[in-house]
Enquirer: 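One structure is given below, represented as structure tokens, and several questions about it will come after.
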There are 2 protein chains.
Amino acid sequence: MDRFVSTFTNKIDAKGRVSVPASFRAVLERDGYAGGIYCYPSLDAPALDCGGERLAKKIDGLLAGLPDYSDERDELSVALYGDVQVLSIDGDGRIVLPEGLRAHASLDAAVTFVGLGDKFQMWEPLRFEKRRAEARNKVQITRKLFGAGKPLISDDDSGNGGARE
Amino acid sequence: MDRFVSTFTNKIDAKGRVSVPASFRAVLERDGYAGGIYCYPSLDAPALDCGGERLAKKIDGLLAGLPDYSDERDELSVALYGDVQVLSIDGDGRIVLPEGLRAHASLDAAVTFVGLGDKFQMWEPLRFEKRRAEARNKVQITRKLFGAGKPLISDDDSGNGGARE
DNA sequence: CGGGCATTCATGGGATAGCATGGGTTAATA
DNA sequence: TATTAACCCATGCTATCCCATGAATGCCCG
């Protein structure tokens, strides 16, 4: 497995810890795990974006293109590096969410991990459900536009809230 | 870890001391720590720029690009080297901020350390919050203008955005 | 084919070490 | 000698580590 896929919902315990889904951890290790996952507030969603070394390099790559001491660079640096947190994973595969990140995504009792290929997001479970429903709608519309045939997902709501496999 | 990442806020005590975040100290040591951190007023922000050997070399590099005895070079030399202070770190990982530097950044009761990759900045906490908000805004706009070359964040998490390499 | 055993994970709690912070004491300087 | 900066120690908090529990899955053997 080398991509983050599917969604999992885990609890936040009294100490603020959450288990990172085992399958995601496996991906991180393959990605050149360097002791922590990179995590920052999504710019346009109440969620957190996370990833491993590959994501970190992407950020570096963006900045590398800009000249030192330019305004652009400064702003991007602040927006990216400044908000990035490196969350270390403990022996049991858990991370602790700092207050700032928790606030941005309104994370409280549980977290939904959403695989997005080469990164993943962390959502407040209810919010994600809403978002997922919207997304599904859009897909349906798109499918109609394309004249695609049968729905991939039947309309029984088998995809319910459980999120666990 | 070999980059300065994420932000920390620490207090200034009665003697004017501040703890440098432990993770930043780790980066400094890896960077070839030579007994102190280089620190000078940011040219375009009410903040201080700090770093280790790598930063010092970068300054050298900038100046090397300009012809000797040019006005530009003189100005830049003064602007950069002139105000540089080498702050030594005590046994407990703390530094003392000289009056001049404190004044430039309006540092008073606390300091926010902002990791920016190969250097970090020290801000008055409230000012930094404002700055961060601005930066996020601008980045969002920039991203939209450019059609976001590589979106670190997909606009639409329904899919695929992140899946691409 | 089915029942029981072993393994993997998520989760909870207790112990411990690291870190930020405050204060006191000694050394350097004018 | 007075003042300031460097050093050392003490404290409380929080993150980190370690172990225990329990559920779920998969495997082996009857």
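Chain A is the first sequence line, chain B the second, and so forth, proteins listed ahead of strands; every chain is numbered from 1. Heavy-atom basis, side chains included; hydrogens, waters and symmetry copies ignored.
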Enquirer: Round to a whole Å and report the spacing from CZ of B:F8 to P of C:dT21.
Expert: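 Those two atoms, CZ and P, are 12 Å apart.
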
Enquirer: CD1 of A:I95 versus P of C:dT11: gap in Å, rounded?
Expert: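 Rounded to whole Å, this separation is 12 Å.
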
Enquirer: Within this structure, what is the CD1-to-C1' distance between A:I89 and D:dA15, rounded to whole angstrom?
Expert: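 Rounding to the nearest Å, CD1 of A:I89 and C1' of D:dA15 are 15 Å apart.
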
Enquirer: Could you tell me how far apart A:L87 (CG) and D:dT16 (C1') are, to the nearest whole angstrom?
Expert: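 These atoms are roughly 14 Å apart.
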
Enquirer: I want to verify a distance call: between C:dT21, C:dA10, D:dC18, whose nearest atom is closest to the B:S19 side chain?
Expert: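 The answer is C:dT21, which lies nearest to the side chain.
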
Enquirer: Any salt bridge linking A:K58 with A:D118? Criterion: basic side-chain nitrogen under 4.0 Å from a carboxylate oxygen.
Expert: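 Salt bridge present between A:K58 and A:D118.
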
Enquirer: Does a side-chain N-to-carboxylate-O contact under 4.0 Å join A:D92 and A:R17?
Expert: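 Salt bridge absent between A:D92 and A:R17.
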
Enquirer: Can you tell me how far C1' of D:dC8 sits from CG of B:D90, to the nearest Å?
Expert: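 Checked: the CG to C1' distance equals 10 Å.
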
Enquirer: Does A:V20 reach a base, just sugar-phosphate, or nothing at all? Heavy atoms under 4.0 Å.
Expert: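 It contacts sugar-phosphate atoms only.
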
Enquirer: Does A:R30 pair with A:D2 as a salt bridge, N-O distance under 4.0 Å?
Expert: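 Salt bridge: no.
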
Enquirer: Does A:S88 put a side-chain nitrogen or oxygen below 4.0 Å from OP1 or OP2 of D:dA15?
Expert: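 No, A:S88 has no side-chain N/O under 4.0 Å of OP1/OP2 on D:dA15.
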
Enquirer: Provide, to the nearest angstrom, the distance between the CD1 atom belonging to B:I12 and the P atom belonging to C:dA20.
Expert: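 Taking atom P of C:dA20 as the reference, CD1 of B:I12 is at 15 Å.
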
Enquirer: Verify salt bridge (Lys or Arg N to Asp or Glu O under 4.0 Å) between A:R132 and A:E129, making sure each step is shown before the conclusion.
Expert: CA-CA 5 Å; A:R132 185 210 289 248; A:E129 266 314 312; 3.4 Å; yes

Enquirer: Can you tell me how far P of C:dG23 sits from CG of B:D13, to the nearest Å?
Expert: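 The distance from CG of B:D13 to P of C:dG23 comes to 8 Å, rounded to the nearest Å.
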
Enquirer: What about A:D92: does its side chain form a donor-acceptor pair under 3.5 Å with the base of D:dC18?
Expert: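 When only heavy-atom distances are counted, A:D92 does reach the base of D:dC18 through a donor-acceptor pair under 3.5 Å.
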
Enquirer: Using only side-chain N and O atoms of A:R25, determine if any of them is under 4.0 Å from OP1 or OP2 of C:dA10.
Expert: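 True: A:R25 side-chain N/O within range (under 4.0 Å) of C:dA10 OP1/OP2.
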
Enquirer: Which atom pair, heavy atoms only, marks the closest approach of A:R25 to A:V20?
Expert: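 A:R25 and A:V20 have their closest heavy atoms at NH1-O, 2.6 Å.
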
Enquirer: Round to a whole Å and report the spacing from NZ of B:K11 to P of C:dT21.
Expert: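 Distance, rounded to whole Å: 6 Å.
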
Enquirer: If you check every side-chain atom of A:R94, which of C:dG13, C:dA10, C:dT21 has the closest atom?
Expert: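 The answer is C:dG13.
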
Enquirer: Could you please name the option among C:dA10, D:dC7, C:dG12 that lies closest to any side-chain atom of B:R17?
Expert: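 Of all the options, the side chain of B:R17 is nearest to D:dC7.
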
